[in-house]
Amino acid sequence: MALGTSMIIRLQMDKRQVTFGEVAGAIGDGGGDVVAIDVIHASPEHTIRDLTVNLPEKMREAVLEAVEALPGVTIVNVSDRTFLAHLGGKIEIRSKTPVKNREDLSHVYTPGVAKVCRAIHEDPQKAFTLTIKRNTVAVVSDGTAVLGLGDIGPRAAMPVMEGKAMLFKQFAGVDAFPICLDTKDTEEIIRTIKLIAPAFGGINLEDIGSPRCFEIERRLAEELDIPVFHDDQHGTAVVVLAGLLNALSIVGKKLEDAKIVLLGVGAAGSACIKMLLSAGAHNVIAVDHCGALHKADKYDNPMWEWIADNCNPNGETGQLEQVIQGADVFIGVSRPNLLTLDHIKSMASDPIVFAMANPDPEIDPELAEAHVRVLATGRSDFPNQINNVLCFPGMFRGALDCRASVINEAMKVAAAQAIASVVEDDELNEQYIIPSVFNDKVVDRIRDAVVKAAMKTGVARRIPPEFR
């Protein structure tokens with residue numbers, strides 16, 4: 001399915017030469033859909049209108065040419081709605097307390113602020129109650145693995161990090177700030193994040209290339225006393241597990257009994273494997289360009305070594321076409337068009353396929369859906385979207401509320417189970433295994449589950465009132 005775009009076309013139309021129906025017809029013939037009309041100016045002879053048009057990206061120029069070819073039509077301006085939404089950035093900082101007079105000023109700044117500074121100096125933990133630290137997350141990237149765009153640099157990564165900050169605020173009330181670092185040096189990234197950490201209650205690592213992301217997260221988790229969470233890894237893993245728990249319920253299979261083949265052993269794939277094992281899976285086979293990872297081989301990548309030692313209990317070898325035979329579940333976090341119908345047909349009965357390469361999955365969903373029992377992708381235009389947005393707002397809401405020192409495996413598994421629980425038994429079906437990101441139950445369920453898991457594992461430093 002083609003990727004879509006939305007644009008606003010401002011047209012001047014000569015009523016004596018053309019009708020609006022002719023304009024709409026030209027847009028429709030080109031594959032566009034007029035979804036909004038605003039009249040800017042009207043006279044007996046001319047009208048100026050803004051038409052909001054949804055259409056496939058590749059048809060944009062053809063539609064504009066068809067409209068401009070109509071007699072009596074002049075295209076005044078074309079605006080891309082996505083670019084319009086980014087003008088001047090997407091986030092801002094606002095004051096919580098108005099400063100209207102000298103007394104107000106004396107409380108929020110000098111001289112009154114001095115006693116607050118002294119209180120924090122005497123007891124650094126008071127920073128959680130007397131500053132924004134209690135509710136602030138740094139969204140940190142070096143711009144080396146941005147969405148499906150790859151290494152585009154820190155400046156080009158800013159729109160993604162701003163968007164992440166928006167979602168934190170929208171869904172969980174967390175104040176997040178984008179920080180894009182102009183370095184690829186692992187030690188420099190670690191040092192920089194440690195230096196800015198006093199201002200934040202948590203660190204969300206984002207779009208940092210593999211394998212450096214593993215070392216950066218591991219070191220920061222060890223050396224900081226606030227939670228560090230690489231969302232590309234663990235956010236994906238949490239939502240995959242949530243969807244898989246419900247998918248397995250539909251087909252009447254258990255996680256511990258299922259044969260699971262995962263294709264793509266990068267950051268997300270590695271985290272998915274760890275999460276599946278933590279949740280009780282026993283037979284997970286990791287496959288990458290070299291084939292199935294297994295104990296008999298040695299790998300330069302330490303993460304691959306760990307996976308080889310802890311997965312593939314039956315020592316299966318070969319490429320995807322060999323090891324996928326008899327599999328109950330396929331999970332793809334790799335590249336487009338690596339999974340075929342022949343692969344799916346060799347799987348066990350009622351196959352579950354999570355094809356999550358973006359923007360194009362490992363197999364065309366329209367081709368696969370007739371041959372699988374449950375299908376999920378990373379896309380919003382198909383059912384069962386595996387989307388990190390389901391995880392990170394609630395995860396950090398819970399971690400901040402209990403002042404967790406880390407985000408551990410128990411908290412991640414609890415978050416996955418919480419997401420799965422939002423889909424009630426009477427709602428669960430092949431087309432609905434995962435809730436919408438706009439379901440208002442999601443963040444609250446995750447938050448409560450994460451707090452409970454943090455308390456149970458001893459990493460919570462504050463007990464929220466409702467849990468006392």
Side-chain angles (χ1 to χ4, degrees), residues 1-90 146-150 152 156 158-160 162-163 166-167 170 335-337 355-370 375 377-385 387 389 431 436-438:
M1 183 175 291
L3 290 177
T5 188
S6 180
M7 62 180 176
I8 301 173
I9 311 172
R10 177 163 291 186
L11 300 176
Q12 179 174 297
M13 300 167 48
D14 187 330
K15 294 180 180 179
R16 297 163 297 185
Q17 298 184 62
V18 69
T19 67
F20 177 75
E22 289 173 316
V23 174
I27 293 171
D29 290 344
D33 182 20
V34 179
V35 296
I37 306 166
D38 295 294
V39 178
I40 306 303
H41 174 76
S43 71
E45 293 84 20
H46 297 89
T47 61
I48 297 177
R49 305 187 189 199
D50 282 348
L51 307 183
T52 303
V53 179
N54 291 342
L55 75 169
E57 177 71 44
K58 65 180 181 181
M59 301 304 297
R60 174 189 169 100
E61 294 305 319
V63 167
L64 293 174
E65 289 174 6
V67 171
E68 197 163 31
L70 293 171
V73 174
T74 301
I75 295 180
V76 179
N77 187 53
V78 179
S79 302
D80 186 303
R81 290 186 66 194
T82 301
F83 276 91
L84 290 174
H86 285 76
L87 287 177
K90 304 191 292 287
V146 180
L147 298 176
L149 304 174
I152 60 175
M158 272 294 289
V160 178
E162 284 186 19
M166 287 180 70
L167 298 175
Q170 173 74 25
R335 292 185 288 108
N337 305 316
M356 298 184 299
N358 258 326
D360 299 313
E362 284 79 4
I363 188 169
D364 183 343
E366 294 180 341
L367 180 66
E369 60 187 355
L375 176 68
T377 72
R379 291 178 52 150
S380 61
D381 50 353
F382 290 99
N384 300 328
Q385 183 190 20
N387 192 330
V389 181
Q431 302 296 308
S436 164
V437 297
F438 297 105

Can I get a per-line list of side-chain donor-acceptor pairs under 3.5 Å for residues 24-39, giving both atom names and the distance, sequence neighbours left out?
none

Here the gap from Ile9 atom CD1 to Arg60 atom CZ, rounded to the nearest 0.5 Å, amounts to 8.5 Å

Applying side-chain contact (heavy atoms from CB on, under 4.5 Å) to Ser380 and not counting sequence neighbours gives Gln385

Heavy-atom nearest pair, Ser79 first then Leu84, reads CB-CD1, 3.6 Å

- Is the side chain of Glu362 donor-acceptor paired with the backbone N or O of Met356 at a distance under 3.5 Å, no angle test? yes

Inset, instruction - Evaluate the side-chain proximity of Glu366 to Phe382: yes if any heavy-atom separation is below 4.5 Å, no if none is. - result: yes

Review point. Under 3.5 Å, is there a donor-acceptor pair between the side chain of Asp360 and the main chain of Pro336?
Key: no

Heavy-atom closest pair (Ala357 atom, Arg335 atom, distance to 0.1 Å) is CB-C, 3.9 Å

Contacts of Arg10 meeting salt bridge (charged side-chain N to carboxylate O under 4.0 Å, His left out) (sequence neighbours excluded), chain-then-number -> Asp50

Heavy atoms of Leu70 and Val23 approach each other most closely as CD1-CA, 3.7 Å

Between the CE atom in Met13 and the OG1 atom in Thr74, the distance rounded to the nearest 0.5 Å is 11.0 Å

Taking the side chain as every heavy atom from C-beta outward, state whether Arg81 and Ile8 have any pair of such atoms under 4.5 Å apart. yes

- Task: For the pair Leu375 and Asn384, evaluate side-chain contact (heavy atoms from CB on, under 4.5 Å) and give the outcome as yes or no after the intermediate values.
- Result: CA-CA 7 Å; Leu375 176 68; Asn384 300 328; 5.7 Å; no

Residues Leu64 and Met7: closest non-hydrogen pair is CD2-CE, 3.9 Å

Is there a side-chain contact between Asn358 and Leu147, using heavy atoms and a 4.5 Å cut-off?
no

Taking the side chain as everything from C-beta on, heavy atoms only, tell me whether Leu11 gets closer than 4.5 Å to Phe20. no

NE2 (His46) and CD (Gln17) are apart, to the nearest 0.5 Å, by 7.5 Å

Scanning both residues in full, the closest heavy-atom pair of Asn54 with Ser6 reads OD1-OG, 3.0 Å

Phe438 meets the ring-ring contact (aromatic ring centres under 6.0 Å, His included) criterion, sequence neighbours left out, with Phe171

Worksheet item: Are the side chain of Thr377 and the backbone of Arg379 linked by a donor-acceptor contact shorter than 3.5 Å?
Response: yes

Applied to residues 14-24, the salt bridge (charged side-chain N to carboxylate O under 4.0 Å, His left out) test, sequence neighbours excluded, yields Asp14-Arg16

For Thr82 and Asp80, the nearest pair of non-hydrogen atoms, with its separation, is N-OD1, 2.8 Å

Residues passing the side-chain contact (heavy atoms from CB on, under 4.5 Å) test with Lys90, sequence neighbours excluded, are His86, Pro159, Glu162, Met166

